[in-house]
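Chain letters run A, B, ... following the sequence lines, proteins first, then strands; residues in each count from 1. FYI, side chains are in, hydrogens and waters are out, and symmetry mates aren't considered; it's all heavy atoms of this structure.
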2 protein chains.
Amino acid sequence: MSTGGRRRRVTIADVARHAGVSTTAVSKVLRNAYGVSAAMRERVKAAIEELGYRPHAAARAMRGRTYTIGVLLPELRNPFFPDILDGLYAQLSGTDYQVIIVTGGPDAKAENRAIDALVDRQVDGILMVAPRVARARLEEVACGLPTVVLGPHEKSALYDAVLDDDEVGAELVVRHLIGLGHRRIAHIGQREGTPRRAAAMLHTIRARTYERVMREHGLDDEIAIATTSYSEEGGYRGARELLGRSPRPTAIFAGADLAAFGALTALHEAGLAVPGEVSLAGYDNTRLAALSTISLTSVDQDGDVMGRTAGRLLLERIEGRTSSVRFSITPTLVPRRSTAPPPQT
Amino acid sequence: MSTGGRRRRVTIADVARHAGVSTTAVSKVLRNAYGVSAAMRERVKAAIEELGYRPHAAARAMRGRTYTIGVLLPELRNPFFPDILDGLYAQLSGTDYQVIIVTGGPDAKAENRAIDALVDRQVDGILMVAPRVARARLEEVACGLPTVVLGPHEKSALYDAVLDDDEVGAELVVRHLIGLGHRRIAHIGQREGTPRRAAAMLHTIRARTYERVMREHGLDDEIAIATTSYSEEGGYRGARELLGRSPRPTAIFAGADLAAFGALTALHEAGLAVPGEVSLAGYDNTRLAALSTISLTSVDQDGDVMGRTAGRLLLERIEGRTSSVRFSITPTLVPRRSTAPPPQT
DNA sequence: GTGAAAGCGCTAACAC
DNA sequence: GTGTTAGCGCTTTCAC
């Protein structure tokens with residue numbers, strides 16, 4: 001019942017001895033570095049194979065690269081994130097880089113700890129998805145290692161940004177609803193994290209755009225926003241709040257599909273038919289939105305391309321690029337059965 | 001536009017100098033080790049605070065612990081996994097341990113690479129959720145570091161197991177459907193990974209139990225299994241296959257909620273009402289199953305408790321336990337509107 | 001109770 | 001093209 005003697009790790013020295021070369025030679029083969037003859041490369045590779053050698057990541061981290069890309073995710077429940085990660089994996093496949101994921105948790109403090117964990121583990125590059133920590137923090141991280149930020153709209157000379165044109169996306173939704181004849185259109189948003197960053201956060205942009213388009217159509221008085229969070233729970237609470245108003249909205253634009261799912265439950269509990277009595281739209285076009293029994297009108301932002309791009313930008317930075325890049329995706333509307341003209345009054 | 005001079009990391013030596021003590025003393029304070037006076041502890045802690053020191057994980061990994069728990073997840077889309085992780089986080093909160101997640105990908109080979117990545121990064125403990133690699137591989141890992149395996153039913157003296165009593169769960173579903181009057185009940189399962197492990201895999205147990213209960217009720221001839229995968233796509237394909245048979249089943253038991261969601265799409269495309277014409281049940285009782293427009297009958301296995309337990313067992317092993325523990329959860333049925341008596345013929 | 005020093009496995013100068 | 005060697009930041013004997 002003992003865990004048994006953990007046999008000593010095979011090290012680079014063992015491989016060198018076995019192949020009859022120096023440790024330097026082995027190290028160079030490992031890194032595909034310049035300065036080893038083809039013959040030696042073969043011998044070393046054979047020795048690695050025979051001994052089942054695998055580089056010790058921590059030892060590498062002490063001197064060089066860890067061949068690790070760290071990804072910070074706010075949480076694991078939003079079905080849009082796997083789309084992004086699939087793109088990242090696709091971009092990184094074929095390289096020696098390995099992705100490790102940490103989750104940020106509920107507040108900026110927890111998120112900061114998660115970022116620390118990545119930095120402490122010497123990742124070669126970091127992708128922060130929809131981070132809520134202060135901008136100064138992002139720059140501090142970016143100052144120390146290749147960084148890509150996905151989501152927020154801030155410009156920075158220190159890190160690359162991959163983002164969705166949330167203004168276009170939100171406008172598509174609101175115009176779609178107005179085009180169907182709705183006037184009492186409400187919005188479910190997310191509470192901003194750090195107040196000073198609010199303007200750059202994607203949820204703020206979606207909310208502000210909603211307000212702007214409403215005003216442009218003379219619907220100033222119909223503006224109604226419930227500020228909760230982009231989660232099922234948040235969507236549920238937000239919808240409850242909005243449905244409690246009188247007169248109640250005929251359409252709800254949730255800032256994220258996940259929140260729309262929660263809103264769906266609230267609508268059902270209130271005995272309101274979708275889209276018969278209330279239309280509902282989301283954002284992200286997650287796979288579940290396409291599910292027949294949900295059939296949620298949503299905004300498609302290509303997560304796969306975003307993930308791929310983030311991966312490419314990280315690799316470029318690791319290879320030495322220091323100038324800053326900003327990559328923006330233009331979203332499209334995917335109308336489904338959850339939106340329809342408002343009921344005749 | 002430069003990334004700027006990455007300022008040198010604060011090291012243990014800096015802290016020692018600042019506090020006027022040795023590096024040994026600092027190290028001891030960091031690890032809450034025995035052999036430092038209270039006064040010295042205070043001085044060191046103050047110095048750490050002032051300098052903003054954070055331990056370098058890789059350097060620690062070279063000699064001692066990394067304070068990292070590695071989690072292997074098959075993929076990121078199954079909404080049941082976040083439940084497990086929430087439990088794990090809860091158990092680990094308050095400790096110095098940080099969780100990093102890697103995903104196994106589509107096949108055993110990719111999963112092996114992901115496990116390697118965790119081992120190479122010297123995690124202090126590893127949690128493998130529903131691994132599909134060979135059993136020998138699990139034991140090999142467990143031989144080198146504290147290991148908990150969540151899902152498979154194999155017994156091992158080398159690692160701890162946290163599992164759901166899938167036999168009970170599957171039986172609940174099938175009996176529920178039979179109790180409603182169904183006879184033509186079909187099942188959507190997952191292709192086993194390594195053939196030799198099949199018997200221990202949770203998806204095999206769910207399928208075998210389905211068969212057993214069907215036989216016990218004299219429904220041998222009605223047994224119909226589509227073996228795809230526990231994914232939306234797999235559920236879709238499985239349901240299409242099953243609905244193509246004649247006569248078609250009046251109920252489908254999908255081995256996972258995620259697969260049931262895919263089956264829902266197939267049912268809808270085929271123009272079949274749920275539960276009017278075909279009843280549908282899942283497994284995992286994910287939050288989305290409770291969604292009003294889905295309202296999926298499912299089996300609840302307490303993911304939070306499973307995650308908590310996995311965390312506790314890992315901590316115990318890290319603290320030195322070498323005997324092997326097996327923790328089993330008993331699931332319960334959550335009937336919802338997706339199951340009803342079969343249509344009158 | 002405290003500190004000096006060795007060394008974990010690797011990479012990168014630098015010498016040959 | 002190849003090998004020698006000095007560390008990276010920490011933990012851990014082992015003296016004091």
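Take A/S328 and apply the side-chain contact (heavy atoms from CB on, under 4.5 Å) test, not counting sequence neighbours, and it matches A/L163, A/D165. Partners of B/I100 by side-chain contact (heavy atoms from CB on, under 4.5 Å), not counting sequence neighbours, listed by chain and number: A/I100, A/V102, A/R121, B/T68, B/L118, B/V123. For A/R77, the salt bridge (Lys or Arg N to Asp or Glu O under 4.0 Å) partners two or more places apart in sequence, or in a different chain, are B/D83, B/D86. Under the side-chain contact (heavy atoms from CB on, under 4.5 Å) criterion, B/A200 pairs with B/E154, not counting sequence neighbours. Take A/R113 and apply the side-chain contact (heavy atoms from CB on, under 4.5 Å) test, not counting sequence neighbours, and it matches A/K109, A/A110.
With B/D160 as reference, B/R317 is the one residue of B/R317, B/R326, B/K155, B/R312 to meet the salt bridge (Lys or Arg N to Asp or Glu O under 4.0 Å) rule. For the side chain to side chain contact (heavy atoms under 4.5 Å, CB included) test with B/I84, the passing option among B/V162, B/V129, B/V305 is B/V129; the others fail.
In this structure, the CZ atom of B/R60 is 19 Å from the P atom of C/dG9, given to the nearest Å. We find that CZ of B/R17 is positioned 15 Å from C1' of C/dA4, with the value rounded to whole Å. Protein atom CD of B/Q122 is 10 Å distant from nucleotide atom C1' of C/dG9, rounded to whole Å. In this structure, B/D124 atom CG and D/dT11 atom P are separated by 12 Å, rounded to whole Å. Between the OH atom of B/Y67 and the P atom of D/dG9 there is a distance of 19 Å, rounded to whole Å. Taking atom CD1 of residue B/I12 and atom P of nucleotide D/dC10, one finds them 5 Å apart after rounding to whole Å. Rounded to whole angstrom, the span from the CZ atom of B/R121 across to the C1' atom of C/dC10 amounts to 15 Å.
In this structure, the side chains of A/K45 and A/V29 come closer than 4.5 Å at one or more pairs of heavy atoms. Counting heavy atoms from C-beta outward, A/V21 and A/V26 have side chains that approach closer than 4.5 Å.
Rotation axes derived from the C1' atoms of the five outermost pairs at either end of the helix from C/dG1-D/dC16 to C/dC16-D/dG1 lie 40° apart, to the nearest 10°.
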Short heteroatom pairs, N/O only, protein and nucleotides 5-8 of chain C, under 3.5 Å:
unit_1	atom_1	unit_2	atom_2	d
C/dG7	N2	B/R63	NE	2.9

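Of the residues in residues 51-58 of chain B, those lying under 4.0 Å from DNA chain D by heavy-atom distance are B/Y53, B/P55, B/H56. Less than 4.0 Å separates DNA chain C from at least one heavy atom of each of the following residues of residues 26-38 of chain A: A/S27, A/R31.
The stretch residues 56-76 of chain B participates, sequence neighbours left out, in these salt bridge (Lys or Arg N to Asp or Glu O under 4.0 Å) pairs: B/R65-B/E319. Residue pairs meeting the side chain to side chain donor-acceptor pair (under 3.5 Å) criterion with at least one member in residues 24-37 of chain B, sequence neighbours excluded: B/S27-B/R31. Screening residues 45-73 of chain A for ring-ring contact (aromatic ring centres under 6.0 Å, His included) gives A/Y67-A/Y97 as the qualifying pairs, with residues at least two apart or on separate chains.
The CD atom of B/E316 lies 12.0 Å from the OG1 atom of B/T322; values are rounded to the nearest 0.5 Å.
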